[in-house]
Amino acid sequence: MMPTILAIIVVVVVIIIITKSFRLQSLLLRSKQEMFGCQRFYRKRTDQLAPSEPQTFSLPAPLPPWPHGQGFALGKINLGELEAVKVSRFKFIWSNNTQDDKKGVTFYKPIGIPDGFYSLGYYCQSNDQPFRGFVLVAREIPFKSESTHISTGIASPALRVPVDYTLVWSSNDGSEERLQGCGFFWLPQPPEGYKSIGYLVTCSPKKPKLDKVRCVRADLTERCENYQVILNVGTRFSEFPFQVWSTRPSHRGMLGRGVSVGTFSCNSCWVPGQELPIACLKNLDPTLHAMPNCDQIHALIKHYGPTVFFHPDEIYMPSSVSWFFENGALLFRKGDSVGQSIDVDGSNLPSGGRNDGEFWIDLPSGDRKNSVKSGNLGSAKLYVHVKPALGGTFTDIAMWIFCPFNGPATLKVGVMNYSLSKIGQHVGDWEHFTLRICNFTGELWSIYFSQHSGGVWVNAYDLEYIQGNKAIVYSSKNGHATFPHPGTYIQGSGKLGLGIRNDVARSNFFVDSSTHYELVAAEYLGDGVVSEPGWLQFMRKWGPTIVYDVSILPLVLRYSMANIFIKLPVELYGEEGPTGPKEKNNWVGDERG
């Protein structure tokens, strides 16, 4: 009897395995056909669903007329030997789309290119995002250059057609009968001394015409890098793996001259750190004439300045720096136990130098200590640093807010929350967010939300707006990290089920940055145009170094501190006191993220 039962069980198991295997093969085959089989689905997509020009995202309110300036928001930007225009009208070419429309990626050809300008490559984006894409097109303009042929003394043209195309990848499986609706990805082969800027996509194995795109002289370009994955085709769906990435200049920040073109990168065997076969443009205009002038800066802040909401249970409010100094903040020097009063404008703070540990700021002692820790919302303002981004084709408006004190953190472990009575506390908390403005049009493009040791860029279409084109920035309880939407955000490890809680919500505690701000720096405008306050030159710590005792943690957590600390933001366990804005990497460099 037992052998019979065992035999039946074995047969049933085998049947189940065979059935599941057959279903899995069918699913894989159907998925592959849907993604890259190119037959019935793509014909339907191309003929019925593909719009000739995608619908574009628009900001909630119209843009105002900006004050008169040099070249800001005029639609064209002079890059030296090239003039660039942002094109946001496109024609559908191909999509890898599955039956779930939001999981696909669509590739577009720019259209409506002004006379005399030339395409540098095509554009793509995920279908789950509102359409707000662009590519730059360019034309050559007269410009004195050292890039001349020594033998002839004649300058090489800035733009030239490619000499050929290389097929990088195709969704076709090699079948001549199944070419309908397939995608073919082409890399222009540049003439010697030139660089390709983007790829082309076609629905035919026939090479594109050479005059469909232009290559750019190498000295007018800069190296670019892969940024975010847009499409990832594994070997499950194709014989050859294939990835599509957005790109960005490798050298960024306010000194970087690389210009994002809006094209994509694609390959089958890219290795991190490997130089890409395409480049970005380079702004050789020393004046950065498309950057806003002082009047335009104030107009931008008035129009776009976000409202910063603090949590309804927030205890540690922001204040102005002058209020902090007026109410007893002290300057300490290494070896001295008595602090020195600080002038209201910070003029007696040591300026310049580096964070060498010789000086730091601390709270007053005695009765005033707790009142200063609580801040003063009525005096709070945003301290604004304006700088070029992406070669002066965008403007970054970094808005810094100061809180005299950063409160303790709350640790989430699974479903449990542990209030860390002291861990996370420190004096002098500087946080910021950054508005990125397109210098072609004056549109708000995205906002960077700084979150302790990292942060994230959020596109304008994913922001929450409170009035017109003014977004909302939420400041987390106690820690003051910034977020785009209300809720609870966990910073740490999802795999370990632990992290620091960042709770954000709207309340009656807020600061309107469009009216409560101070412009403290805009170096590109020249010396003396913006008067930098004395305290901005203080490069040391705005709070003393704190070392936390593990014994203050709940007993259940003490023996796993090594694993926990590895996953948590460095600032939260107080290895060093915080530094001021000008000592941060992103003051000159790009944001992290």
Side-chain angles (χ1 to χ4, degrees), residues 63-74 76-80 252-257 259 283-306 320-322 343-353 381-402 430 432-445 448 512-539 580-591:
L63 299 186
W66 304 112
H68 179 72
Q70 185 177 6
F72 176 72
L74 296 183
K76 300 177 181 180
I77 294 182
N78 184 335
L79 302 179
R252 299 180 302 283
M254 71 179 186
L255 302 180
R257 289 305 181 102
V259 174
N283 191 348
L284 294 177
D285 173 22
T287 67
L288 297 179
H289 80 291
M291 290 294 294
N293 61 25
C294 207
D295 290 339
Q296 291 169 333
I297 289 173
H298 289 292
L300 287 167
I301 296 172
K302 180 180 178 181
H303 185 72
Y304 290 122
S320 67
V321 172
S322 59
D343 294 342
V344 66
D345 58 357
S347 58
N348 63 330
L349 291 171
S351 63
K381 62 173 72 173
L382 280 297
Y383 297 98
V384 178
H385 177 212
V386 184
K387 57 182 179 176
L390 301 177
T393 56
F394 285 81
T395 295
D396 276 2
I397 302 177
M399 293 190 155
W400 293 86
I401 192 161
F402 176 74
W430 281 103
H432 80 284
F433 54 90
T434 299
L435 283 63
R436 180 156 286 181
I437 308 294
C438 176
N439 288 350
F440 285 97
T441 61
E443 294 174 280
L444 173 66
W445 204 255
Y448 180 81
D512 181 355
S513 69
S514 69
T515 55
H516 292 71
Y517 73 92
E518 179 183 344
L519 181 61
V520 296
E523 294 91 341
Y524 71 92
L525 291 176
D527 295 338
V529 178
V530 177
S531 298
E532 297 188 3
W535 56 259
L536 189 59
Q537 313 307 321
F538 181 67
M539 301 301 180
K582 222 170 188 181
E583 188 69 7
K584 309 294 188 186
N585 292 335
N586 63 294
W587 184 268
V588 174
D590 197 14
E591 303 288 1

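Everything quoted here is computed from the prediction, not taken from an experiment.
- Smallest separation of non-hydrogen atoms from A521 and L536: CB-CD2, 4.3 Å.
- Residues Y524 and V386 are in side-chain contact: their nearest non-hydrogen atoms beyond the backbone lie under 4.5 Å apart.
- In this structure, G442 and A73 approach most closely via the heavy-atom pair N-CB, 3.8 Å.
- Every residue meeting the side chain to side chain donor-acceptor pair (under 3.5 Å) condition with N439, not counting sequence neighbours, appears here in chain and number order: T395.
- With rounding to the nearest 0.5 angstrom, the CG atom of L382 is 12.0 Å from the OG atom of S320.
- Looking only at side-chain heavy atoms (C-beta outward), R257 and L288 come within less than 4.5 Å of each other.
- Under the salt bridge (Lys or Arg N to Asp or Glu O under 4.0 Å) criterion, D590 pairs with R252, R436, not counting sequence neighbours.
- In plain terms, the two heavy atoms of L519 and C294 that are nearest each other are CD2-SG, 4.1 Å.
- Of the possible polar contacts, none joining the E443 side chain to the C438 backbone as a donor-acceptor pair under 3.5 Å is found.
- The shortest side-chain heavy-atom distance between F72 and T441 does not fall under the 4.5 Å cut-off.
- Among all heavy-atom pairs drawn from M399 and P306, the shortest one is SD-CD, 4.0 Å.
- Listed by first then second residue, pairs satisfying salt bridge (charged side-chain N to carboxylate O under 4.0 Å, His left out) with a partner in residues 295-305 number zero, not counting sequence neighbours.
- Rounding to the nearest 0.5 Å gives a distance of 5.0 Å between CD1 of I437 and CG of L444.
- A 4.5 Å side-chain heavy-atom check between T393 and I77 finds at least one atom pair inside the cut-off.
- Under the side chain to side chain donor-acceptor pair (under 3.5 Å) criterion, T434 pairs with E591, not counting sequence neighbours.
- Contact of the L435 side chain with the D396 side chain is not registered, since no non-hydrogen atoms from C-beta on lie closer than 4.5 Å.
- Under the side chain to side chain contact (heavy atoms under 4.5 Å, CB included) criterion, S347 pairs with D343, D345, sequence neighbours left out.
- Under the 30°/60° scheme for interplanar angles, the aromatic rings of W66 and H303 are found to stand perpendicular.
- For the atom pair N78 CG and Q70 CD, the distance stands at 9.5 Å (nearest 0.5 Å).
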Residue pair F402, H432: steps toward the ring pair (Phe, Tyr, Trp, His ring centres under 6.0 Å) verdict: CA-CA 9 Å; F402 176 74; H432 80 284; over 10 Å; no

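- By the ring-ring contact (aromatic ring centres under 6.0 Å, His included) test, F433 is found to be paired with no residue, residues two or more places apart in sequence or in another chain being considered.
- When the ring-ring contact (aromatic ring centres under 6.0 Å, His included) test is applied to H289, no partner is found at least two apart in sequence or on another chain.
- When all heavy atoms of S513 and G305 are compared, the pair lying nearest together is OG-C, 3.1 Å.
- Between the side chain of E583 and the backbone N or O of G580, no donor-acceptor pair lies under 3.5 Å.
- Ring centroid separation for the pair W535 and Y383 comes in under the 6.0 Å cut-off.
- Taking the six-membered ring wherever Trp is involved, the centroid distance between the rings of W587 and H385 falls below 6.0 Å.
- The salt bridge (Lys or Arg N to Asp or Glu O under 4.0 Å) check on K584 picks up nothing, with sequence neighbours excluded.
- For the residue pair N283 and D285, the shortest heavy atom distance occurs at OD1-N, 2.9 Å.
- Residues satisfying the ring-ring contact (aromatic ring centres under 6.0 Å, His included) test with H516, not counting sequence neighbours, are none.
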I301 and V384: CA distance, side-chain angles, deciding distance, side chain to side chain contact (heavy atoms under 4.5 Å, CB included) verdict: CA-CA 9 Å; I301 296 172; V384 178; 3.9 Å; yes

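- Taking the side chain as every heavy atom from C-beta outward, V530 and L525 approach each other to under 4.5 Å.
- Contacts of S514 classified as side chain to side chain donor-acceptor pair (under 3.5 Å), with partners at least two apart in sequence or in another chain: K470, D512.
- In this structure, the side chains of L349 and Q537 stay at 4.5 Å or more apart for every pair of heavy atoms.
- V344 pairs by the side chain to side chain contact (heavy atoms under 4.5 Å, CB included) definition with S322, E326, not counting sequence neighbours.
- Looking at heavy atoms from C-beta onward, W430 lies in side-chain contact with V321 at the 4.5 angstrom threshold.
- Under the salt bridge (charged side-chain N to carboxylate O under 4.0 Å, His left out) criterion, the residue pairs touching residues 517-534 are K381-E518, E532-K582, with sequence neighbours excluded.
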